[in-house]
Protein chains: 2
Amino acid sequence: MSTENLSETQHLFERAEPGVRKAHKRHILSIALDCFDEQGLEATTIEMIRERAASSIGSIYHHFGSKEGLVAALYFAALDDQLALIRPRMQGAARPRQAVDALVQTYLEWVERQPKLARFMLRARHAVAGGPQSETLAERNKERYGELLQWIQDGIRAGEIRRLPSETYASLLIGQSENYCRAWLSGRVKGSPTTYAEVFSEASWRAIAA
Amino acid sequence: MSTENLSETQHLFERAEPGVRKAHKRHILSIALDCFDEQGLEATTIEMIRERAASSIGSIYHHFGSKEGLVAALYFAALDDQLALIRPRMQGAARPRQAVDALVQTYLEWVERQPKLARFMLRARHAVAGGPQSETLAERNKERYGELLQWIQDGIRAGEIRRLPSETYASLLIGQSENYCRAWLSGRVKGSPTTYAEVFSEASWRAIAA
DNA sequence: TAATGTTCTAGAATATAATTCTAATTTGAG
DNA sequence: CTCAAATTAGAATTATATTCTAGAACATTA
């Protein structure tokens, strides 16, 4: 295998452990992302990935176990990338309203920065949720929304947020933005997500405001 | 093939042209829906569908052309079923606010009535949008939202709805509900969609209210 | 540094599933 | 009833995921 000729998106996975060999694993992930983005999950074959990554079937299966495993690994890498951007901004908020703005705006920003990862996450969600990694996914989502629920508690106590069924808050806050991003990523609408950051964060706030 | 022993969900596709032979086509769709719901799209094989439907490979390929074609046919049947419930209720509305309520409430109601179809639609969307039927899908979606945009125009003129980028309205109105239904259909939250109809229609209205 | 076990790479062989193809059967029009 | 078109059948083919075995690279320890 050659270490020259790395994919453009290779840098996305740098957070993983370092080392020459790990680099190859990351390279495969990166090439897989390109293939999935261009062809879709179904239409991308292991053989395609092997060829573009100048790797081998054996390597791919050694690292990921199966095509489904490769998809799951990429999904969690994407989730990490997203949370790495969002989490610090939410922690920097001073009031519930700012936390909501940070959540929405940073989410939109991430989608715009990483359209391939974002598109992949929306496409792969069901596969991962249905597969053997579903439990890991559930944990991750819980940790993802844990902090958000803290802010909501604070907001309710302060009389700024209305008391609603707790399982509805996540949808009320992110559903609109996610829906729009899905449309943008598939070309159905033209305006880039951050263009409408105001619109969406205002809508999210109104949805839960007292 | 036997015409006894029809699937429970067969009735869903009765709206298609009548006739003994068409019945078999509908029967295949119905069985396919059950398989997709139980196993997921990927894991369901044509052989499984053939067996449960007591049909043959030849018939399935004759009617649908490919697995992807079968998925697309089922998707459009599901879309029809959904619109058949939603459209009349929106037409019955007197004011923009009522139209929004009708849209949200009827959508939630449909999801609860047809969980298999709803789950399938959410899972299959990307496959259909990426496949050869993507154009048909785009047309359908346009007709789906056309009426909605009429109501919004009225609302803006009447000073009840604020003027926003037109491509954001659909997401602002249905994104939250869809996101919640997705979570409910995959078991991540417990409260049935209609339980929260008030919450979601209120949120949709607030999102666009002047 | 050499010995040795472990991880990784390779690609041929296998298994599984989608799709094609040809022939028989059923149906409906006239 | 006859014939053409539509439908049903399932065997053969093709495409793709996965397994398996062997060898190469690497790391650890004496």
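A, B, ... follow the sequence lines: proteins, then strands. Residue 1 opens every chain.
Regarding A:Phe64, its CZ atom lies at a distance of 16 Å from the C1' atom of D:dT18, rounded to whole Å. Rounded to whole angstrom, the span from the NZ atom of B:Lys25 across to the P atom of D:dA6 amounts to 13 Å. Straight-line distance from the NZ atom of A:Lys67 to the P atom of D:dT18: 8 Å, rounded to whole Å. Regarding A:Glu47, its CD atom lies at a distance of 20 Å from the P atom of C:dA17, rounded to whole Å. D:dT8 atom P lies 10 Å from atom NZ of B:Lys22, rounded to whole Å. The nearest whole Å value for the distance from the CG atom in A:Leu41 to the P atom in D:dT16 is 15 Å. Protein atom CD1 of A:Ile60 is 15 Å distant from nucleotide atom C1' of D:dT19, rounded to whole Å. What separates CD1 of A:Ile46 from P of C:dA13 is a distance of 20 Å, to the nearest Å.
With B:Gln150 contributing its side chain and B:Gly146 its backbone, the two residues share no donor-acceptor pair below 3.5 Å. Between the side chain of B:Tyr169 and the backbone N or O of B:Leu164, at least one donor-acceptor pair lies under 3.5 Å. The backbone N or O of A:Tyr180 lies less than 3.5 Å from a partner atom in the side chain of B:Ser171, making a donor-acceptor pair.
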Table of protein N/O atoms under 3.5 Å from nucleotides 20-23 of chain C N/O atoms:
none

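Residue B:Ser56 has a polar side-chain atom (N or O) positioned under 4.0 Å from OP1 or OP2 of D:dA9. Note on A:His24: a side-chain N or O is less than 4.0 Å away from OP1 or OP2 of C:dT9. For D:dT8, the OP1/OP2 oxygens have a side-chain nitrogen or oxygen of B:Ser59 closer than 4.0 Å. Between B:His62 and D:dT7 there is a side-chain polar atom (N or O) within less than 4.0 angstrom of OP1 or OP2.
Geometrically, A:Lys67 does not engage A:Tyr61 in a cation-pi contact defined by less than 6.0 Å to the ring centre and at most 45° from the axis. Figure legend: cation-pi geometry between A:Lys116 and A:Phe36 absent, as NZ or CZ is not positioned both under 6.0 Å from the six-membered ring centre and within 45° of its axis.
Residues passing the side chain to side chain contact (heavy atoms under 4.5 Å, CB included) test with B:Glu109 are B:Arg89, B:Arg113, B:Thr194, sequence neighbours excluded.
The pair B:Lys142-B:Glu139 does not meet the salt-bridge criterion, since no charged nitrogen lies less than 4.0 angstrom from a carboxylate oxygen.
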